[in-house]
Amino acid sequence: MATKFGMRVDPWWRPLLLVGGSTPANSYAELNEVGLTISLGFLFNRTIARSDIESAEQISWPFWMGVGWRTNFRNQLGLIGSYQGVVEMKLKTPIRVLGLLNCDRVAISLEEPEAFLAALNA
């Protein structure tokens, strides 16, 4: 059974994220028995095997990293619509982003981060 968790997008960031096609309907994290599908507009939609998620925890997203589709150009990908409710997952196998970067950490802002972590760890 799949459980869908809405991405948290603060009202003042919605116009910025709309440029990348992010709407409430296509900005989510969907967890099922096999994997986790993360979508933030038409710029990012990827499924990560559940077995590839090494760990997950709620973090404080640094203000200087900004919102939207973010990377530190080393190993982290951020899909951020709010500085609140951010969960970071460490991956066993890095994912390729933009055909250039290998990221082994993915951070997403969620409406219900605690419920997401509980479902992921169940």
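Note that these values count all heavy atoms, side chains included, but never hydrogens, waters or copies made by symmetry. Numbers for residues simply follow the sequence, beginning at 1.
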query = Counting distance only, does the side-chain N/O of Trp61 pair as donor-acceptor with the main-chain N or O of Ile108 below 3.5 Å?
reply = no

key: Donor-acceptor pair, side chain of Ser22 and main chain of Leu40, under 3.5 angstrom   = no

message = Please report the interatomic distance OG1(Thr93) to CD(Glu54), rounded to the nearest 0.5 Å.
response = 9.5 Å

ask   = Is the number of heavy atoms from other residues, nucleotides or ligands under 6.0 Å of Arg96 CZ greater than 12?
value = yes

ask   = Are Asn45 and Tyr28 close enough, and set up right, to give a side-chain contact (heavy atoms from CB on, under 4.5 Å), and what steps lead you there?
value = CA-CA 9 Å; Asn45 188 311; Tyr28 59 86; 4.1 Å; yes

Close side-chain approach of Met7 and Ile38, heavy atoms under 4.5 Å = yes

message = I'd like to know if the side chain of Asn26 and the backbone of Thr23 have a donor-acceptor N/O pair within less than 3.5 Å.
response = yes

inquiry  = Within a 6.0 Å radius of atom CD on Glu88, are there more than 12 heavy atoms belonging to other residues, nucleotides or ligands?
reply    = yes

task = Is it possible for you to say whether Val86 and Phe63 belong to one hydrophobic cluster, with membership spreading through side-chain heavy-atom contacts below 4.5 Å?
result = yes

task = Just jot down the side chain to side chain contact (heavy atoms under 4.5 Å, CB included) partners of Ser55, sequence neighbours excluded, or say none.
result = Lys90

message = If you count heavy atoms of other groups shown closer than 6.0 angstrom to CD of Gln84, is the number above 12?
response = no

request  = Taking Ser39 for its side chain and Ser27 for its backbone only, find out whether a donor-acceptor pair lies under 3.5 Å.
outcome  = no

ask   = Are the side chains of Asn72 and Arg105 in touch, meaning some heavy atoms are under 4.5 Å apart?
value = yes

inquiry  = Is any side-chain heavy atom of Arg8 closer than 4.5 Å to one of Leu110?
reply    = no

query = Hey, are the side chains of Val106 and Arg46 touching, using non-hydrogen atoms and a 4.5 Å cut-off?
reply = no

key: Distance-only polar pair, side chains of Asp10 and Ser82, donor-acceptor under 3.5 Å   = yes

query = Below 4.5 Å, heavy atoms only, C-beta onward: do Leu36 and Thr47 meet side chain to side chain?
reply = no

